[in-house]
Structure formats: structure tokens, C-alpha cells
Number of protein chains: 2
Amino acid sequence: MSSSIIGKLEALHPLPEDDKRLLHAVVGRGRTLKVGEHIVREGDHTDIVHVMLEGQGYRYKTLPDGKRQIIGYLVPGDFCDLYSFLLDKMDHGMAARTVCQVAELTEEHILMLTARPALARALWWSELVNAAILREWLVNMGRRTPSARVAHLLCELLVRLQVVGHASAHGFKLELSQAELADTVGLTTVSVNRALQRLRGAGLIRQTSREITIPDVAALKRAAQFDPRYLHFRQAREDGGCV
Amino acid sequence: MSSSIIGKLEALHPLPEDDKRLLHAVVGRGRTLKVGEHIVREGDHTDIVHVMLEGQGYRYKTLPDGKRQIIGYLVPGDFCDLYSFLLDKMDHGMAARTVCQVAELTEEHILMLTARPALARALWWSELVNAAILREWLVNMGRRTPSARVAHLLCELLVRLQVVGHASAHGFKLELSQAELADTVGLTTVSVNRALQRLRGAGLIRQTSREITIPDVAALKRAAQFDPRYLHFRQAREDGGCV
DNA sequence: CGACCGATTGACTTGATTCAATTTCGGTGG
DNA sequence: CCACCGAAATTGAATCAAGTCAATCGGTCG
């Protein structure tokens with residue numbers, strides 16, 4: 001269960017065995033959430049840190065007129081709200097998109113973890129990556145075509161899921177509705193549908209019921225202008241990007 | 001010079017007098033940057049932390065096809081890259097939009113500052129606000145109309161500049177070209193121009209050469225669906241928003 | 001089998017972009 | 001002080017792409 005966390009953090013910074021054992025002990029096996037269940041609501045205060053162990057979730061904001069914008073995906077290994085005991089109120093909500101296992105850590109747990117220099121550094125780094133993802137998403141929405149936006153998102157998910165062992169070299173389980181995709185990339189479902197069609201038509205992706213296959217990852221990355229360096233994973237840092 | 005930093009950090013968390021004195025001593029008066037000069041380039045490594053003392057800058061990313069997306073504004077009091085010595089390479093660039101004074105702090109300076117609990121907390125908090133701004137911008141680009149996007153940006157700048165004493169109750173110096181606005185909100189200059197016209201037509205803003213006036217701030221906030229709580233400033237936390 | 005949800009489609013509308021002037025404005029130099 | 005220059009703002013017309021609306025298709029689950 002906690003292997004995804006270790007996978008992710010080690011992608012950022014190597015960890016001593018002791019730290020991994022501590023992580024394992026602190027995290028436990030987590031609570032099960034049903035599809036659609038909230039992890040934290042907008043405006044809530046919580047002093048618990050949630051960690052996604054299995055399954056996927058998303059961060060979102062709701063507009064006064066009811067529209068929704070998804071502002072992040074939570075994949076296994078992600079710390080959802082490392083800073084929750086600092087904030088009085090969450091400025092966004094988080095919900096389970098699939099059935100999830102979520103660990104709930106207290107401030108004491110976090111202090112135990114951050115007392116270890118390597119862990120503290122890896123956690124700090126993971127927050128930097130969260131911010132980097134937001135910046136890249138901004139570029140995505142601001143300056144890319146619909147198909148490139150969708151392609152970029154798929155590339156990002158591929159890499160993030162690979163790091164935690166939830167994606168193969170050429171694809172992953174896609175449990176995203178087109179409506180969610182639309183609320184993520186700032187388009188309508190119809191446009192997302194057509195963007196996916198274009199990607200399929202160009203042979204860049206292949207979709208079966210709930211699985212997505214990327215026959216030529218480099219080609220999709222090119223189409224998406226995807227440069228994995230923003231994720232700051234160690235491999236990506238060494239490859240030096242794909243654009 | 002360092003009063004803007006103190007203003008900003010105190011808007012997040014109260015600081016003891018000693019901490020303010022330390023800040024003042026550490027920051028000094030900064031280096032002067034010319035318009036357009038880079039603070040840090042994309043891909044650079046730096047182990048200096050830059051702090052905006054006077055003037056304004058922006059964060060940006062460049063796309064392979066030459067397009068640019070502005071992903072943040074730097075106003076007086078902002079720490080530009082608090083995490084720079086962690087990162088090997090900046091995933092985005094930062095440049096001066098006006099003549100600026102920028103302080104350059106070393107890792108030792110930062111360690112001195114973060115050794116003080118109140119300062120550490122305020123700095124940590126300022127990073128949370130940076131992330132919150134990115135999330136709000138994502139909502140802006142994804143789900144708001146052109147005029148609301150522009151209006152929202154203006155509201156945000158108003159509040160952020162007010163906190164550091166660079167805006168009055170009803171306006172501020174606007175040194176933003178329409179091209180920069182366009183690269184910020186994901187539109188073309190023409191669309192931005194028309195969005196501004198609509199806002200002016202509705203009496204929500206008034207522009208003279210390099211100054212923007214907002215006759216009825218609440219009205220503009222309403223039009224922009226601007227809820228200042230995401231900035232997590234202490235006043236805003238107490239008001240409880242305007243939507 | 002029928003209800004339902006999500007994906008898909010087509011026709012139409014709306015609104016943003018593109019392109020190419022034209023105007024405005026601040027600053028410059030005569 | 002005024003004419004001129006260049007950058008930025010503004011405009012209009014034509015184009016094109018995304019949104020809207022509404023219907024249909026496909027599969028899943030009671």
C-alpha cells in the first residue's frame with residue numbers, strides 16, 4: 001500500500017531504508033473511500049493530512065454559477081494536503097474519482113516524518129512538483145490547442161502513474177469521463193470528445209473501454225509539447241526532456 | 001524598501017519586532033533591474049533567493065512554438081524563488097516588467113530567517129498562497145469569460161498591491177500592456193482589448209494613461225466572481241469574501 | 001427488458017482569432 | 001513648441017473554431 005508513496009518520493013529524492021520503514025509504519029493501510037466521496041470540502045478546516053494510497057482523486061473548485069474546474073489529480077503516493085494544519089480553510093475541495101484508499105496522518109506523524117532530513121526534503125520537493133504541475137497546466141489551458149491539452153494531460157498521467165507502478169510503458173487504466181477531462185482542460189465535453197477523436201485518428205492513442213494505450217509515447221509527447229522536466233522526477237532530470 | 005515584505009508577510013502571519021528587524025537587515029536595498037531584464041531564466045540553476053522589493057515582474061514559460069504564457073506576477077514583497085537551492089533547474093523564467101529593486105538572499109540568509117518560527121510560518125504560508133493563486137488562475141482560464149478573466153486579474157492585483165501599500169482603495173498604477181494581459185489570461189490582444197472595453201462600458205473600471213481606477217470595487221469583484229479568501233490574507237479571512 | 005449514463009453525432013450559433021489597417025499617445029529631436 | 005516616430009491600443013471584416021442544443025447510440029446495471 002505504501003509502496004506508491006515510497007515510489008513517488010524516491011523519484012524525487014533517494015530515501016534511506018529506515019525512512020521507508022517509518023513511512024510504512026506511519027501510513028498504515030488507510031481508509032476506503034467510495035466513488036465521488038469527498039476527501040475534504042471547499043471551506044473545510046482539517047488538521048489531518050491525507051495521503052492517496054490507492055485509486056485516484058481530484059482537486060476542484062466550484063464557481064458561483066455551478067461550473068466546476070478540476071485543478072489537479074491525486075494519484076497513488078500523493079500527499080493531498082501536507083499543509084492542512086497551517087491553513088484555516090481549504091480553498092478547494094478534493095474528492096475520490098475511483099474507489100480509493102486514503103491514509104490520514106496527524107500533525108505528529110508529519111513531524112516524525114519531517115524530522116528525517118531525506119524525507120523532509122522529498123516532501124518539500126513533492127510540494128514544489130505540485131506547484132510546477134499547476135504552472136504547466138496554466139500553459140496548457142492558456143496556449144495549447146484542445147487536442148494538445150488532452151494529449152498533455154495524458155502524458156502527465158502516464159509519467160506520474162508509471163513512477164508509482166500504476167502504468168505500463170504504453171498505457172494505463174483510464175477512469176476519466178470526458179466530462180471530467182473537459183472540466184480539467186477548460187473545454188466542453190463535446191470538444192473533448194472531438195479532441196480524443198483527432199488523437200485516435202492520428203494514431204496517437206488507442207482506447208478500449210477503460211484502458212488507454214499510447215502506441216508511440218514519444219509521438220504523443222511531441223504532439224502535446226510535453227517536456228517531463230517540470231515534474232522534476234530523477235529520471236526526467238537525467239533524460240533532459242523530449243521536445 | 002523592505003516594508004513591502006513585512007507588509008505582505010504580516011498580512012499572512014503577525015511577526016515579532018525582532019523578526020522585522022532581522023528581515024530588514026537581511027534584505028538590504030537590493031539590486032536595480034532594468035525593464036525586461038531577467039531575474040532567472042528557464043532552465044537556469046541558482047542558489048540565490050530573489051525578493052521583489054520595488055517594481056513588478058512576472059513568471060513565464062515559453063512554448064516550443066515561441067508562444068508565451070505568463071504564470072504569475074511578482075509584486076513588492078514577493079519571494080520569487082524561495083526553493084531555488086532545492087531545485088536543480090528552474091522550470092520557468094522570471095523577468096522584470098518595470099524597473100525593479102530585487103534583493104538577493106543566500107541560503108544562509110534563508111536559514112537565519114526560517115530559524116524564527118513566526119517568519120518560517122509566514123514564509124511557508126506565502127508559498128501556500130502562491131499555489132492558491134495558481135489554482136485560482138486555472139479556474140480563471142478554464143471557466144470564466146474574457147471580461148471576467150481580466151476583471152479577476154485586476155481584483156487580485158488590487159488586493160495584492162494594497163497589502164503592500166502600492167494601491168489605494170480604488171485603483172493602482174497599471175503598468176501592464178494588453179499583450180501581457182493576453183499572455184496571462186490566455187487570450188489574444190484583440191480579445192483583451194475588447195474585454196477591457198466591456199468593463200469600461202459597464203463602468204466597472206476607468207483607465208487613464210498608466211493608472212487604473214475601480215469606482216466600485218465590490219461591483220468589479222462581483223463581475224469577476226472574485227473571492228479574496230484564496231489569497232489567505234488575514235483581513236480577507238475575517239471578511240469572509242465578497243461573492 | 002427498460003432505465004440510465006456516458007459517448008458520439010450533426011446542425012446551428014456564438015464568440016474568439018486573424019489580419020490588416022488606423023488611431024492614440026508618450027517621447028524625441030529639431 | 002511642434003512635427004515626427006514607434007509602440008501600443010483600437011477598429012472592422014472575414015474566418016474559423018468552440019460552444020450549444022438536441023438527438024442518437026452503446027453499454028451496464030437493476
Side-chain angles (χ1 to χ4, degrees), chain A residues 34-36 56 58 63 65-70 97-99 140-154 173-202 205-213, chain B residues 34-36 56 58 63 65-70 95 97-99 140-154 173-202 205-213 223:
Chain A
K34 291 196 282 284
V35 174
Q56 293 187 19
Y58 56 89
L63 290 151
D65 53 16
K67 283 188 288 224
R68 174 181 72 160
Q69 175 69 46
I70 290 179
R97 212 185 52 238
T98 67
V99 176
N140 214 26
M141 296 235 289
R143 289 286 175 246
R144 281 200 262 259
T145 63
S147 352
R149 289 189 207 184
V150 172
H152 195 279
L153 182 62
L154 295 176
K173 248 198 338 200
L174 184 66
E175 295 167 294
L176 268 178
S177 72
Q178 295 185 357
E180 287 169 324
L181 229 36
D183 281 340
T184 307
V185 296
L187 297 168
T188 59
T189 56
V190 176
S191 302
V192 165
N193 183 289
R194 286 170 183 153
L196 284 168
Q197 285 178 41
R198 268 183 305 250
L199 293 175
R200 282 197 300 259
I205 64 172
R206 224 172 290 149
Q207 284 177 285
T208 65
S209 58
R210 300 252 137 222
E211 187 86 14
I212 186 154
T213 313
Chain B
K34 291 195 283 283
V35 175
Q56 294 187 19
Y58 57 88
L63 289 151
D65 53 15
K67 283 189 289 224
R68 175 182 70 160
Q69 174 69 44
I70 290 179
R97 211 184 52 238
T98 67
V99 177
N140 215 26
M141 296 234 289
R143 289 286 175 246
R144 281 200 261 259
T145 62
S147 349
R149 290 189 207 185
V150 172
H152 195 279
L153 182 63
L154 295 176
K173 244 193 347 192
L174 184 67
E175 294 167 294
L176 269 177
S177 73
Q178 294 185 357
E180 287 168 324
L181 269 174
D183 280 340
T184 306
V185 296
L187 296 168
T188 59
T189 56
V190 175
S191 301
V192 165
N193 182 289
R194 287 169 183 156
L196 284 168
Q197 285 179 41
R198 257 168 301 181
L199 293 175
R200 284 197 299 259
I205 63 172
R206 225 172 290 148
Q207 284 178 286
T208 65
S209 57
R210 300 257 137 217
E211 186 86 14
I212 185 153
T213 314

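Chain identifiers are assigned alphabetically (A, B, ...) following the order of the sequence lines, protein sequences preceding nucleic acid strands; residue numbering begins at 1 within each chain. Worth saying up front: this structure is predicted, and the values here are computed from it rather than measured.
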Subject >> Partners meeting salt bridge (Lys or Arg N to Asp or Glu O under 4.0 Å) with A:K67 (sequence neighbours left out) >> reply: A:D65

Subject >> Between P of C:dG6 and CZ of A:R97, the distance in whole Å >> reply: 13 Å

Original post:
Does the side chain of A:L176 reach to within under 4.5 Å of the side chain of A:I212, using non-hydrogen atoms?
Top reply: no

Close N/O contacts between protein and nucleotides 8-11 of chain C (under 3.5 Å):
from	atom 1	to	atom 2	distance (Å)
C:dT8	OP1	A:R200	NH2	3.4
C:dT8	OP2	A:Q178	NE2	2.5
C:dT8	OP2	A:N193	ND2	2.8
C:dT8	O5'	A:N193	ND2	3.2
C:dT9	OP2	A:Q197	OE1	2.9
C:dT9	OP2	A:Q197	NE2	2.7
C:dG10	N7	A:R194	NH2	2.6

Subject >> Sequence neighbours excluded, every pair satisfying salt bridge (charged side-chain N to carboxylate O under 4.0 Å, His left out) that has a member inside residues 180-195 of chain A >> reply: A:R68-A:D183, A:R97-A:E180, A:D183-B:R143

Original post:
Quick check: does any side chain N or O of B:R198 sit under 3.5 Å from a backbone N or O of B:S147, one acting as donor and the other as acceptor?
Top reply: no

**OP:** Report yes if a side-chain nitrogen or oxygen of A:S191 is closer than 4.0 Å to either non-bridging phosphate oxygen (OP1 or OP2) of D:dG19; otherwise report no.
**Re:** yes

Original post:
Which whole-number value in Å describes the distance from A:I205 CD1 to C:dA7 P?
Top reply: 13 Å

Subject >> Under the side-chain contact (heavy atoms from CB on, under 4.5 Å) test, residues paired with B:V35 that sit two or more places apart >> reply: B:V99

Original post:
Taking atom C1' of C:dT17 as reference, at what distance in whole Å does atom CG of B:L187 sit?
Top reply: 10 Å

**OP:** Please name all residues satisfying side-chain hydrogen bond (donor to acceptor under 3.5 Å, both in side chains) with A:R200, sequence neighbours left out, ordered by chain then number.
**Re:** A:Q207

Original post:
In whole angstrom, what separates A:R198's CZ from D:dC16's C1'?
Top reply: 13 Å

**OP:** Give me the bend of the helix from C:dC1-D:dG30 to C:dG30-D:dC1, using the axes of the five pairs at each end, rounded to 10°.
**Re:** 30°

Subject >> For B:E175, all residues meeting side-chain hydrogen bond (donor to acceptor under 3.5 Å, both in side chains), sequence neighbours excluded >> reply: none

Subject >> Sequence-distant partners of A:T189, side-chain hydrogen bond (donor to acceptor under 3.5 Å, both in side chains), two or more places apart >> reply: none

**OP:** Please name all residues satisfying side-chain hydrogen bond (donor to acceptor under 3.5 Å, both in side chains) with B:E211, sequence neighbours left out, ordered by chain then number.
**Re:** none

Original post:
What's the CG-P distance between A:L174 and C:dA7, to the nearest Å?
Top reply: 9 Å

Subject >> First encountered from the 5' end of DNA chain C, between A:R143 and A:S177 >> reply: A:S177

**OP:** Working to the nearest 0.5 Å, report the span between CD of A:Q56 and CG of A:L174.
**Re:** 8.5 Å

Subject >> B:E175 CD to D:dA9 P, straight-line distance once rounded to whole Å >> reply: 13 Å

**OP:** Report the distance from atom NZ of B:K67 to atom C1' of C:dT17, rounded to the nearest whole Å.
**Re:** 11 Å

**OP:** Heavy atoms under 4.0 Å is the rule here; annotate nucleotides 25-30 of chain D 5' to 3' with B where the base is hit, S where only the sugar-phosphate is, and - elsewhere.
**Re:** ------

Subject >> A:A148: partners by side-chain contact (heavy atoms from CB on, under 4.5 Å), with sequence neighbours left out >> reply: A:R144, A:T145

